[in-house]
Visitor: 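Please see the structure below; I have some questions.
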Amino acid sequence: MAGRKLKANDFRGLPSYTISEAAQYLSVPATTIRYWSIGRGQYKPLIQAPRRKPTLLSFLNLTELHVLAAIRRKHGVKMPSVRVAIEYLAEHAEGSMGQRHPLISQDLDTDGLALFVEQYGQLINISQAGQIAMREIIHAALQRIDRDLDGVPIKLYPFTRSAAEDTPAMIVIDPRLSAGRPVIAGTGLATELIAERYKAGESIAVLAQDYERENAEIEEAVRCELKAAA
């Protein structure tokens, strides 16, 4: 990924998601997603959205926000400090992809991750133990991103629960399936459709039988869309 330049028509870089959709899929408040994506006042955004008016995010943006959300859940994101750490990471990246999307650079999960955590940890005075914990959290988030042969993200398995360690990888966002909306992994079954039937009164058991899936998969599909409903 370090030397890879994304083609202009690559679907992973195209404007596809609203701020509210990203907030829902990543279980992050829309105001936070907007802050990270657009910035506020003198603070510039943490990611580069392909469209600003109206704001639409790409699949690659979604994966970046997924990593940011992992940091936020543990320590709370201090936007100015994180920006400095991201800029530091981008300066040490190779190629345009790593520079434009440093949070999802393939190198981040190796030496780059240590650089980022060290830089960020120093900025907000996280202890050595805290830095180790943060590294583990970011690593866990990166492990939920599948990449193509060039190291560019191609699938995202979002956290569907507040306790990230308890979230199974049953739901996937694949920009090649269902217009990039969440589906049950290994299928083309959109979580939105399943949740609509659930809201209409059909039980988890009936839906599982109808779609020939496990109850747990249907529960995760509903949780992805409704969060507190399942």
Side-chain angles (χ1 to χ4, degrees), residues 12 16-40 43-50 55-87 89-90 100-105 108-109 112-113 116-117 119-121 123-124 126 130-147 153-175 180-182 185 191 220 223-228:
R12 291 168 291 185
S16 304
Y17 305 92
T18 65
I19 286 177
S20 60
E21 287 174 329
Q24 176 185 337
Y25 301 156
L26 301 177
S27 300
V28 175
T31 52
T32 301
I33 295 293
R34 184 175 294 106
Y35 190 21
W36 294 346
S37 305
I38 301 175
R40 183 188 304 156
Y43 298 117
K44 297 180 180 179
L46 293 173
I47 63 173
Q48 299 182 45
T55 301
L56 287 176
L57 307 172
S58 69
F59 171 75
L60 292 181
N61 291 152
L62 210 62
T63 59
E64 293 175 289
L65 293 167
H66 162 77
V67 176
L68 278 173
I71 303 171
R72 175 183 181 273
R73 287 189 178 97
K74 183 66 177 180
H75 293 286
V77 170
K78 306 295 184 182
M79 192 173 183
S81 298
V82 173
R83 181 184 294 105
V84 173
I86 290 175
E87 290 174 351
L89 195 62
R100 186 174 177 81
H101 304 286
L103 282 173
I104 52 173
S105 167
L108 179 60
D109 207 12
L113 180 53
F116 176 82
V117 171
Q119 184 74 3
Y120 180 64
L123 286 168
I124 61 175
I126 294 180
Q131 290 184 31
I132 292 173
M134 176 181 282
R135 184 171 180 173
E136 292 175 349
I137 289 166
I138 299 175
H139 178 73
L142 291 171
Q143 290 300 297
R144 299 179 75 90
I145 300 172
D146 284 354
R147 302 172 186 270
I154 194 68
K155 295 180 182 179
L156 169 64
Y157 297 84
F159 293 115
T160 56
R161 308 182 186 189
S162 56
E165 62 273 14
D166 295 332
T167 300
M170 292 182 180
I171 304 301
V172 64
I173 297 175
D174 184 336
R181 272 53 193 171
T191 57
E220 283 303 304
R223 182 176 284 108
C224 176
E225 296 290 335
L226 307 181
K227 295 299 184 291

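Note that the structure is a prediction, hence the values are computed from the model and not measured.
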Visitor: Please find the pair of heavy atoms, one from Pro29 and one from Ala23, that lie closest to each other, and give the distance.
Guide: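 Reported closest heavy-atom pair: C-CB, 4.1 Å.
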
Visitor: Please report the shortest heavy-atom distance between Arg12 and Pro153, naming the atom on each side.
Guide: CD-O, 3.0 Å

Visitor: Rounded to the nearest 0.5 Å, what's the gap from CZ on Arg40 to CZ on Arg34? Could you check?
Guide: 9.5 Å

Visitor: For the backbone of Asn61 and the side chain of Tyr17, can you confirm whether one donor and one acceptor N or O come within less than 3.5 Å of each other?
Guide: no

Visitor: Where do Asp146 and Val172 land on the side-chain contact (heavy atoms from CB on, under 4.5 Å) test, with the steps shown first?
Guide: CA-CA 10 Å; Asp146 284 354; Val172 64; over 6 Å; no

Visitor: Are Ile173 and Pro182 side-chain neighbours, meaning at least one heavy-atom pair lies under 4.5 Å?
Guide: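 SC-SC contact between Ile173 and Pro182 confirmed.
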
Visitor: Taking the cut-offs as 6.0 angstrom to the six-membered ring centre and 45 degrees off its axis, would you call Arg144 and Tyr157 a cation-pi pair?
Guide: no

Visitor: May I ask you to test the Thr18-Leu56 pair for a side-chain heavy-atom distance under 4.5 Å?
Guide: yes

Visitor: About how many Å separate CD1 of Ile86 and CD of Glu64, when rounded to the nearest 0.5 Å?
Guide: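 So the gap between those two atoms works out to 8.0 Å.
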
Visitor: Do you know which of Ile33, Leu26, Ile104, Ile47 makes side chain to side chain contact (heavy atoms under 4.5 Å, CB included) with Leu62?
Guide: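 The single option meeting the side chain to side chain contact (heavy atoms under 4.5 Å, CB included) with Leu62 is Leu26.
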
Visitor: Can you give me the closest heavy-atom contact between Arg181 and Ser16, atom names plus distance?
Guide: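 In terms of heavy atoms, the two residues are closest at NH2-O, 2.9 Å.
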
Visitor: For the rings on Phe159 and His66, is their centre-to-centre separation under 6.0 Å?
Guide: yes

Visitor: Run the side-chain contact (heavy atoms from CB on, under 4.5 Å) check on Phe59 and Thr63 step by step: do they pass?
Guide: CA-CA 6 Å; Phe59 171 75; Thr63 59; 3.9 Å; yes

Visitor: Taking all non-hydrogen atoms of both residues, which atom of Ile171 and which atom of Cys224 are closest, and how far apart?
Guide: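 Answer, listing the atom of Ile171 first, then Cys224: CG2-SG, 4.0 Å.
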
Visitor: Mind checking the OG1-CZ spacing from Thr160 to Arg223? Nearest 0.5 Å is all I need.
Guide: 6.0 Å

Visitor: Report the C-alpha distance between Leu65 and Val28 in whole Å, list the side-chain angles of each, state the deciding distance to 0.1 Å, and finish with yes or no for side-chain contact (heavy atoms from CB on, under 4.5 Å).
Guide: CA-CA 9 Å; Leu65 293 167; Val28 175; over 6 Å; no

Visitor: How close do Thr191 and Glu225 get, heavy atom to heavy atom, and via which atoms?
Guide: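 In this case the closest contact between Thr191 and Glu225 is OG1-OE2, 2.6 Å.
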
Visitor: Please tell me if the side chains of Leu46 and Leu103 come closer than 4.5 Å, counting only heavy atoms from C-beta onward.
Guide: no

